[in-house]
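I have placed the structure first, in the form of structure tokens, so that the comments after it can refer back to it.
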Amino acid sequence: MILRTTASLCWIYSTVIVALVTPTTVVYGHTLSPAIVSYLTEEEPILDTSPTEASATNSDPRNFSRTLSTFPEWYIVYSAQEYSDLMSRGGRPSQFPYFSAIRQYWEALDSIKDSLNGTEIDPESLSVLQVIGVSFTIEYGLIGIYEKTIGRIFEWLHFNTKTAEDFTTDSIARKYSESLLQTPWYEFPYASAITQLWQEWDWSSLSPRGLERRIIFTLGYHLKGAYAALLGKVTEANFGYVGSTTSVVVNSINPETLSAIQNITSVQATSSEIYALAPRYRAFTPAAQQIAEDGANFSAIQDNVEILISFVAPQPNVCLLPGQTVFILPILTHDNDARYGQLIKVSNLSQALRQLTQCGITIEHIYDY
């Protein structure tokens, strides 16, 4: 009877997953490559098919609104990290605030629109954010409904304690959240996750909760892995070269010191400023931090004069920074902490980074267009 009930529930859940496949693909597509969204939405990205970093960097204007519109994409990554963090501290899937995460996504997007002071988010980015938001809402909404009803029943049947399967899927969730910082979601080894799930077991694996988790996550990993493989092939076959560098203009530093910073290239000095290429995306943050630590100041980044940064700090934040606080989002899995979004002038970026260090606060991300 238990097996029959679990199998029926798994069939229902697998149907839900299939229904989510298309929006889920779009959710993560733009975070990893604007060209993926172009393929799915028929929007034209700004691409350079030439494998020349400077050419690809300069071909994409990356206007001011993009530093703000990048945040919602990263919020999905942060949410995965918060889920993993809760699980690692002994939390159960039914305890994760899926619906509050949905609300925060839309609150952040509204705050970003308000902070633009009449400037519009470029149509391509806005379209992507809307697709991401709807998809994120559907995905988390359905998972939340399942985990807080059927999933909670199976938790209760196991006296709210974790099975071997829970510990294994918690470990996989941690690996997944960490991998999102460096690699596309479709490169995650879902087949290895299934192997790990079926290799690790104990007496709790024979319980209703153990059986339900094992079947549900096996189906989930199989389906996501299949679509990840498909999307990976589409990406390789259809999309050109996208610049992975960001142009910066700095001062108060000598060219030799700047050149010594990891991933800083194409250093060219004038009488008053130095032009260089820094890494794009995740790697930009540590590079910018090192530039600030070496005493340099930024004059411009990708020809823009304002940039968004985020950091996590206790509420209220007592570390005063220059610029405008765009949003304050409570960390849903930590009662006393919040994620702060600060829009600052590029010329004040180094000062802000040094102030955060003095306050003992770690910068989360610099959103480099």
Side-chain angles (χ1 to χ4, degrees), residues 30 33-35 38 43-74 112-113 115-126 128-129 240-253 255 258-259 261 263-292 294 296-310 322-324 326 341-353 363 365-369:
H30 185 70
S33 171
S38 173
E43 296 172 357
E44 290 296 327
I46 301 174
L47 291 176
D48 190 318
T49 56
S50 171
T52 303
E53 285 295 349
S55 175
T57 298
N58 295 331
S59 70
D60 187 344
R62 305 184 207 172
N63 59 47
F64 159 67
S65 69
R66 289 196 179 185
T67 185
L68 291 156
S69 63
T70 301
F71 172 77
E73 302 179 55
W74 276 96
I112 284 169
K113 290 179 180 177
S115 69
L116 288 171
N117 296 322
T119 302
E120 297 290 335
I121 297 177
D122 63 271
E124 292 81 6
S125 295
L126 182 59
V128 168
L129 295 180
Y241 181 81
V242 180
S244 59
T245 58
T246 294
S247 62
V248 299
V249 183
V250 300
N251 55 64
S252 303
I253 189 173
L258 185 62
S259 298
I261 297 176
N263 296 322
I264 297 296
T265 61
S266 303
V267 176
Q268 298 180 1
T270 66
S271 58
S272 59
E273 295 177 319
I274 303 176
Y275 295 78
L277 293 179
R280 197 178 182 184
Y281 306 124
R282 183 70 180 180
F284 180 80
T285 298
Q289 285 180 289
Q290 188 59 57
I291 290 173
D294 287 343
N297 296 311
F298 292 87
S299 299
I301 297 174
Q302 201 65 32
D303 294 328
N304 290 287
V305 296
E306 289 187 282
I307 195 165
L308 178 71
I309 67 174
S310 68
Q324 171 192 357
V326 177
Q342 194 81 1
L343 182 63
I344 60 177
K345 292 185 179 298
V346 167
S347 57
N348 290 330
L349 176 59
S350 291
Q351 174 192 346
L353 295 178
I363 184 75
H365 194 70
I366 303 172
Y367 301 87
D368 68 319
Y369 318 96

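Sequential numbering from 1 along the given sequence is applied to the chain's residues.
- Side-chain contact annotation: Thr246 with Arg62, donor-acceptor N/O pair under 3.5 Å present.
- Judged by distance alone, the side chain of Gln342 and the main-chain N or O of Val326 form no donor-acceptor pair under 3.5 Å.
- Side-chain polar atoms of Thr70 and Tyr369 form no donor-acceptor pair below 3.5 angstrom.
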Under the criterion side chain to side chain contact (heavy atoms under 4.5 Å, CB included), I'd like the reasoning laid out for Ile301 against Phe284: C-alpha separation, chi angles, the key distance, then a yes or no.
CA-CA 11 Å; Ile301 297 174; Phe284 180 80; 3.9 Å; yes
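- Of all non-hydrogen atoms in Asp368 and Pro279, the two that sit nearest each other are OD2-O, 4.0 Å.
- The side-chain heavy atoms of Phe298 and Val248, taken from C-beta on, include a pair separated by under 4.5 Å.
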Trace of the side chain to side chain contact (heavy atoms under 4.5 Å, CB included) decision for Val346 with Glu306
CA-CA 5 Å; Val346 167; Glu306 289 187 282; 5.5 Å; no
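- Residues Val267 and Ser259 approach most closely at CG2-OG, 3.4 Å, considering heavy atoms.
- With contacts defined as side-chain heavy-atom distances shorter than 4.5 Å, the pair Lys113/Leu126 qualifies.
- The shortest heavy-atom contact between Ala276 and Ile264 is CB-CG2, 4.0 Å.
- In this structure, the separation between CG on Leu258 and CD1 on Ile274 is 5.5 Å, given to the nearest 0.5 Å.
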Given the rule in the side chain to side chain contact (heavy atoms under 4.5 Å, CB included) test, do Ile309 and Phe71 qualify, once you have shown the distances and angles that lead to the verdict?
CA-CA 9 Å; Ile309 67 174; Phe71 172 77; over 6 Å; no
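- Under the salt bridge (Lys or Arg N to Asp or Glu O under 4.0 Å) criterion, Asp122 pairs with Arg66, not counting sequence neighbours.
- Within the 3.5 Å criterion, the main-chain N or O of Ala292 finds no donor-acceptor partner in the side chain of Asp294.
- For the atom pair OG of Ser65 and CG of Leu308, the computed distance is 12.0 Å after rounding to the nearest 0.5 Å.
- Between the side chain of Ser125 and the backbone N or O of Ile121 there is no donor-acceptor pair closer than 3.5 Å.
- In this structure, OG in Ser69 is found 5.5 Å from CG in Leu129, a value given to the nearest 0.5 Å.
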Between Leu116 and Leu68, does the side chain to side chain contact (heavy atoms under 4.5 Å, CB included) criterion hold? Intermediate values first, please.
CA-CA 9 Å; Leu116 288 171; Leu68 291 156; 3.2 Å; yes
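- Counting only distance, with no hydrogens or angles, the side chain of Ser115 and the backbone of Ile112 share a donor-acceptor pair below 3.5 Å.
- Considering every non-hydrogen atom in both Ile344 and Leu349, the closest pair reads CD1-CA, 3.7 Å.
- Taken from OG in Ser252 to CD1 in Ile291, the straight-line distance is 12.0 Å, to the nearest 0.5 Å.
- Among residues two or more places apart in sequence or in another chain, the side chain to side chain donor-acceptor pair (under 3.5 Å) test is passed with Gln289 by none.
- Between atom CD1 of residue Ile363 and atom OG of residue Ser310 there is a gap of 6.0 Å, rounded to the nearest 0.5 Å.
- The CD1 atom of Ile253 lies 9.5 Å from the CG atom of Asn297; values are rounded to the nearest 0.5 Å.
- Closest of all the heavy-atom pairs between Leu277 and Ser266 is CD1-OG, 3.7 Å.
- Shortest non-hydrogen contact noted between Tyr367 and Thr67 is O-OG1, 2.5 Å.
- Qualifying side chain to side chain donor-acceptor pair (under 3.5 Å) partners for Glu273, counting only residues two or more places apart in sequence or in other chains: Ser299.
- Under the 30°/60° scheme for interplanar angles, the aromatic rings of Trp74 and His365 are found to be tilted.
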Chi angles and distances behind the side-chain hydrogen bond (donor to acceptor under 3.5 Å, both in side chains) call for Ser244, Tyr281
CA-CA 8 Å; Ser244 59; Tyr281 306 124; over 6 Å; no
